Structure formats: structure tokens, C-alpha cells
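Reading through the C-alpha cells given below for one structure.
Quick note on labels: first sequence line is chain A, next is B, and so on, each numbered from 1. In this text the structure is predicted, and so the values were computed from the model without any measurement.
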4 protein chains.
Amino acid sequence: MSFDFLPDKPIYQQLIDRITGDLIRGALQPGEKLPSVREYAVEAGVNANTMQRVYKELEGMGITETKRGQGTFVTENAERLGQLREEKKAQLIDDFIRNIEALGFTEEEIAESMTRRRQP
Amino acid sequence: MSFDFLPDKPIYQQLIDRITGDLIRGALQPGEKLPSVREYAVEAGVNANTMQRVYKELEGMGITETKRGQGTFVTENAERLGQLREEKKAQLIDDFIRNIEALGFTEEEIAESMTRRRQP
Amino acid sequence: MSFDFLPDKPIYQQLIDRITGDLIRGALQPGEKLPSVREYAVEAGVNANTMQRVYKELEGMGITETKRGQGTFVTENAERLGQLREEKKAQLIDDFIRNIEALGFTEEEIAESMTRRRQP
Amino acid sequence: MSFDFLPDKPIYQQLIDRITGDLIRGALQPGEKLPSVREYAVEAGVNANTMQRVYKELEGMGITETKRGQGTFVTENAERLGQLREEKKAQLIDDFIRNIEALGFTEEEIAESMTRRRQP
DNA sequence: GTGGTCTAGACCACT
DNA sequence: GTGGTCTAGACCACG
């Protein structure tokens with residue numbers, strides 16, 4: 001199994017998004033052990049250094065912890081995880097609305113297109 | 001007057017967005033003349049090369065036309081402009097939904113957050 | 001000119017410390033341009049990737065900003081720089097006191113040794 | 001009882017610090033018998049290999065002596081213990097001062113912060 | 001076996 | 001020329 005990556009976004013960013021996504025949708029649980037850097041690198045079809053960077057950034061965000069010589073684990077700090085979820089959601093919506101305005105649309109017009117899209 | 005740019009997005013892209021935005025919201029009319037590359041570069045506070053690229057891409061998109069010796073004009077091709085509008089809108093929504101899924105949210109959850117956001 | 005590095009601390013950390021030190025002691029001013037990644041790498045005698053990492057972390061700390069295609073600059077946000085200074089100072093002292101206690105000394109004993117050291 | 005360890009310092013180092021600390025503050029007396037490697041490993045909640053290394057390093061420093069078949073004992077060499085105490089103290093202060101300089105502070109500024117800290 | 005650091009070198013996007 | 005990304009491969013400390 002090797003992942004598909006969009007060409008216009010850094011791979012390590014997409015991997016971070018993927019893992020935080022797994023966390024948000026519950027596929028990854030607090031305290032759970034992540035695959036080793038090398039394992040995950042092979043699985044994702046990227047270089048180990050790239051994966052290393054992903055893990056480092058995740059730790060920097062406070063959503064994983066590494067136990068020396070044992071591996072990397074999802075933090076058990078539930079509060080941090082909930083906070084992550086809200087941050088991501090807010091940022092997602094903010095970016096969307098900023099884009100709407102930058103491109104000159106109105107929120108109403110977009111909202112209407114979206115509902116129409118779901119029931120074509 | 002010099003513009004503010006987000007640090008994480010190419011300046012030329014933000015300029016393209018801005019101009020297409022002006023078009024979409026009607027601040028820029030079909031057939032209207034754009035400032036010269038140099039003028040606009042000064043006004044926006046960017047390098048002339050950057051502005052040059054913006055104009056080139058706009059022309060590539062069929063949004064503007066260059067009349068030799070006279071300058072750059074918004075196309076009068078109304079169909080093309082309407083099409084542009086729809087393309088942008090569709091892409092905006094696509095990206096949004098792709099992000100929602102990549103990050104592990106459901107569309108319902110996001111929709112609810114957005115409506116709550118508008119009436120706090 | 002190439003720097004000396006302690007063997008027991010990551011080079012990139014020592015470089016970060018060095019640069020923040022330059023900032024704290026005023027050798028580097030708000031808004032000032034840093035050498036390019038490649039230049040500094042040569043000057044310090046390290047690989048460009050190592051230097052790249054240093055710059056990235058500095059930016060993550062909010063003490064530098066990069067202007068696309070132009071280089072990396074010390075932030076002009078004086079508040080952030082003052083804050084950095086205090087953070088570093090507090091952490092320095094905290095670590096020191098923690099070590100004193102971990103090793104079983106009393107603060108008084110250490111204080112006395114330090115003053116004796118300065119006037120031997 | 002299992003100990004807490006800082007994540008950024010080797011566990012075996014923290015254990016060495018702890019034991020030398022016990023020695024310096026007198027909680028451990030010359031000639032006293034240490035727990036067996038296994039016992040101590042369990043008590044501290046670490047891998048037996050890690051504890052093994054701790055004991056080995058302590059012996060290398062001349063702080064402990066192994067009596068075959070009987071276990072590990074704190075040396076009765078009082079001179080060595082006094083020397084240890086001074087070494088640790090000197091190193092502690094050296095490191096502190098080196099850090100102060102590396103980060104661009106003056107000793108005066110730090111000294112003032114420290115006294116202010118004790119009488120807020 | 002685990003994560004972490006460093007190097008060397010290539011390629012890309014942006015200005 | 002600038003920063004940024006990625007790969008490949010080596011070496012180290014830790015448990």
C-alpha cells in the first residue's frame with residue numbers, strides 16, 4: 001500500500017493532515033502506538049526522513065509523544081486532542097470564507113451552490 | 001497603496017485571485033483597460049516580474065487580451081467571463097469538500113459550525 | 001570562518017542558540033536580513049539542509065519571517081523579541097535550579113561557590 | 001513506586017543524577033548496599049538494561065564497588081565522594097555560565113533575576 | 001529495534 | 001538567487 005499525493009502540496013503536510021484526520025475521525029485512538037518511522041515510510045512510499053519530519057511536527061503540535069526507544073504514541077491528553085479538532089475545524093471554515101470573499105462571491109451564492117450540489 | 005499578502009500563498013496567485021475577484025464582483029468590467037504592468041506593480045508593491053506573470057496567466061486563462069501598443073483589456077467575451085465565474089466557484093467548493101474529508105470531518109458537522117458561526 | 005560545536009548537543013540547536021543569542025545581545029537587529037541559507041551554511045561549516053532546518057525552527061518560534069524570494073529577516077515584532085528574551089532567561093534559571101535540586105545541593109551552597117568563583 | 005523522567009534527557013543520566021544526588025544529600029551513605037539491578041529497575045520502572053548501564057557508569061566513576069556475589073556498594077572512599085561532590089558542583093556552575101554566555105545574557109542580569117525570583 | 005541527526009545532492013517555485 | 005522539499009544513505013544514542 002502506498003499513498004497518492006497531490007502534486008501541489010508538500011508530501012509531509014499531506015501526511016500530517018492524514019494522521020490528524022485519522023485522529024479526528026477516531027481511526028487513531030489516544031495512547032495508541034503509531035507505526036515506527038521506517039515502517040510508516042515504507043507503507044506510505046516515502047523516504048524515512050520525510051516521515052521523520054512528519055513525526056517531529058506532530059510532536060511539536062503536542063499530539064504525539066515519543067517514548068525513547070519504544071516508539072511514538074498518540075498523546076493521552078484528551079483535551080489537547082479536542083482542541084486540535086476545533087482548531088482544524090475553525091481554520092478550515094476561516095480559509096473557506098476568506099477565499100469566498102477574495103474571489104468576490106457572496107456566502108449566499110456559495111451556500112446555494114453547495115446544497116444544489118448535494119441533491120442534483 | 002500597497003497590498004497585504006498572505007505569507008503562505010504565492011503572491012502572483014493572490015494577485016490573480018484579486019483581479020478575478022474584482023471581475024466576479026463587478027468592480028472590473030468587460031472591455032475595461034487594466035493599468036500597465038509597471039503601474040500595477042508599483043501600486044501593489046510587488047516586483048514588475050511578478051506582475052508580468054500575473055498578466056500573462058490572466059491572458060492564458062482567456063480573461064484579458066493585449067492590444068499591442070494600447071495595453072491590456074478585460075475580454076468582452078461575456079461567455080468566457082461567466083464560465084470563469086462558474087469554474088472558480090466549483091473549484092472553491094471542491095477544495096473545501098476535499099479538505100473536509102481529508103481532515104476527517106463530516107459535511108454535516110462543518111455545515112452546522114458554519115451556520116452557528118453566522119448567528120452567535 | 002567555521003564554528004566550533006559541542007559534540008553532545010545537536011548542531012542545529014547550537015546554531016539556534018547562537019542566533020537567538022545574537023538577537024538577545026543586540027548583534028542582530030529587528031528587521032535585519034539574515035545571510036541566505038547557503039551562505040550561512042558555508043560560514044558555519046555545516047550542510048545547507050542543517051541550516052535550512054535552523055531557519056525553519058526560528059520561523060516557527062516567530063522570531064524570523066521569510067520574504068519569498070528575498071530571504072529571511074528578523075521579525076520587527078519587538079514584543080515577540082522581548083518575550084523571547086524573557087522566555088530564554090526564565091528557562092535558563094529554571095533548568096539551573098532544577099539541576100541543583102536533582103543533584104542534592106542547596107541554592108545557598110551554589111550561590112556561595114559562584115561568588116567565590118568570580119573573586120578568586 | 002516508579003519515577004518520573006524528563007523526556008529530553010536520557011533516562012540513565014537522570015538515574016545517575018538521582019543516585020549521586022542521594023549521595024550528596026546524604027540519603028545514601030558510604031559503604032551502604034544498593035538494591036540489585038533488577039530490584040532497582042522494577043522500582044524505577046525502567047528496563048533492566050538501562051539500570052545495568054547506570055550501575056556500570058557509577059562504578060566507572062569510582063562511586064560504587066561491586067563485591068562479587070554480594071551486590072553493589074557505595075564506596076567507603078570518602079575522598080572520592082568529596083571529590084565527586086566538587087566535580088558535580090563545578091560542572092553545574094560551568095554549564096550554567098556557558099549557557100548564559102551562549103544565549104547572550106550577562107551574569108549580572110541573570111543574578112538579578114534570580115534574587116528577584118526568590119523574594120517576589 | 002526505536003527515534004534523531006547530519007550530509008550530499010537534486011529539483012522546484014517564487015521573486 | 002531565495003527558501004522549500006525530497007531522496008538516499010550513514011551514523012548515533014537509547015532502551
Side-chain angles (χ1 to χ4, degrees), chain A residues 5 7-15 33-41 44-60 64-73, chain B residues 5 7-16 41 44-54 57, chain C residues 5 7-16 33-41 44-60 64-73, chain D residues 5 7-15 41 44-54 57:
Chain A
F5 297 107
D8 47 311
K9 216 179 183 178
I11 290 178
Y12 79 90
Q13 260 300 345
Q14 297 182 53
L15 285 166
K33 182 179 184 306
L34 293 174
S36 83
V37 169
R38 290 159 172 88
E39 275 174 17
Y40 211 153
V46 301
N47 184 282
N49 285 326
T50 302
M51 207 62 220
Q52 176 73 32
R53 175 169 187 180
V54 170
Y55 274 32
K56 172 133 191 169
E57 302 241 345
L58 289 172
E59 185 163 10
T64 60
E65 290 164 4
T66 100
K67 297 183 187 165
R68 0 184 89 261
Q70 303 188 44
T72 303
F73 298 79
Chain B
F5 297 106
D8 46 314
K9 213 177 180 179
I11 290 178
Y12 81 91
Q13 259 301 347
Q14 296 183 54
L15 286 166
I16 291 174
V46 302
N47 187 296
N49 291 327
T50 303
M51 208 62 218
Q52 179 65 40
R53 174 165 187 180
V54 171
E57 304 241 348
Chain C
F5 297 107
D8 48 311
K9 216 178 182 180
I11 290 178
Y12 80 90
Q13 261 300 345
Q14 297 181 54
L15 285 166
I16 291 173
K33 183 180 184 306
L34 292 174
S36 83
V37 170
R38 291 160 173 85
E39 274 174 18
Y40 211 153
V46 302
N47 184 282
N49 285 325
T50 302
M51 207 62 219
Q52 176 73 32
R53 176 169 186 180
V54 170
Y55 274 33
K56 172 133 191 169
E57 302 240 346
L58 289 172
E59 185 163 11
T64 60
E65 289 163 4
T66 100
K67 297 184 188 165
R68 1 182 90 260
Q70 304 188 43
T72 303
F73 299 78
Chain D
F5 297 105
D8 47 313
K9 213 178 180 180
I11 291 179
Y12 81 89
Q13 259 300 347
Q14 297 183 54
L15 285 166
V46 302
N47 186 297
N49 290 328
T50 304
M51 208 62 219
Q52 178 65 41
R53 173 164 187 181
V54 171
E57 303 241 349

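Panel note: side chain Thr64(C), backbone Phe73(C); no donor-acceptor pair is recorded below 3.5 Å. A donor-acceptor pair under 3.5 Å is formed between the side chain of Gln14(D) and the backbone N or O of Lys9(D). Counting only distance, with no hydrogens or angles, the side chain of Arg38(C) and the backbone of Ala48(C) share no donor-acceptor pair below 3.5 Å.
Whole-Å rounding puts the Asp8(D) CG to dG4(E) P distance at 12 Å. In this structure, CZ of Phe5(B) is placed 14 Å from P of dC14(E), rounded to the nearest angstrom. Nucleotide dG3(E) holds its P atom 14 Å from the CD atom of Glu65(A), rounded to whole Å. Atom C1' of nucleotide dT15(E) and atom CG of Leu15(B) are separated by 12 Å, given to the nearest angstrom. Taking atom CE of residue Met51(C) and atom P of nucleotide dT2(F), one finds them 14 Å apart after rounding to whole Å.
Contact annotation for Glu59(C): backbone-only contact, meaning every heavy-atom pair under 4.0 Å involves sugar-phosphate atoms and none involves a base. Counting non-hydrogen atoms under 4.0 angstrom, Lys56(C) reaches the backbone sugars and phosphates but no base. The residue Gln52(D) sits apart from the nucleic acid: no heavy atom pair falls under 4.0 Å.
Every residue meeting the side chain to side chain donor-acceptor pair (under 3.5 Å) condition with Glu57(B), not counting sequence neighbours, appears here in chain and number order: Arg53(B).
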Notebook entry, point to check: Going 5' to 3' along nucleotides 6-15 of chain F, which nucleotides have protein heavy atoms under 4.0 Å from the base (write B), which only from the sugar-phosphate (write S), and which from neither (write -)?
Noted result: BBBB----SS
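For the strand DNA chain E, secondary-structure stems (runs of at least three Watson-Crick or G-U pairs, all distances below 3.5 Å) span E:1-14 with F:1-14.
In terms of phosphate contacts, Ser36(A) brings a side-chain nitrogen or oxygen within less than 4.0 Å of OP1 or OP2 of dT2(E). Taking only side-chain nitrogens and oxygens, Thr72(A) comes nearer than 4.0 Å to OP1 or OP2 of dG3(E).
The structure places CG of Leu15(A) at 8.0 Å from OG1 of Thr50(A), a figure rounded to the nearest 0.5 Å. Between the CD atom in Glu65(C) and the CD atom in Gln70(C) there is a gap of 12.0 Å [rounded to 0.5 Å]. To the nearest 0.5 Å, atoms CG (Leu58(C)) and OG1 (Thr66(C)) are separated by 12.0 Å. Here OG of Ser36(C) is found 9.5 Å from CE of Met51(C). Values are rounded to the nearest 0.5 Å.
With a 4.5 Å cut-off on side-chain heavy atoms, Val46(D) and Phe5(D) count as touching.
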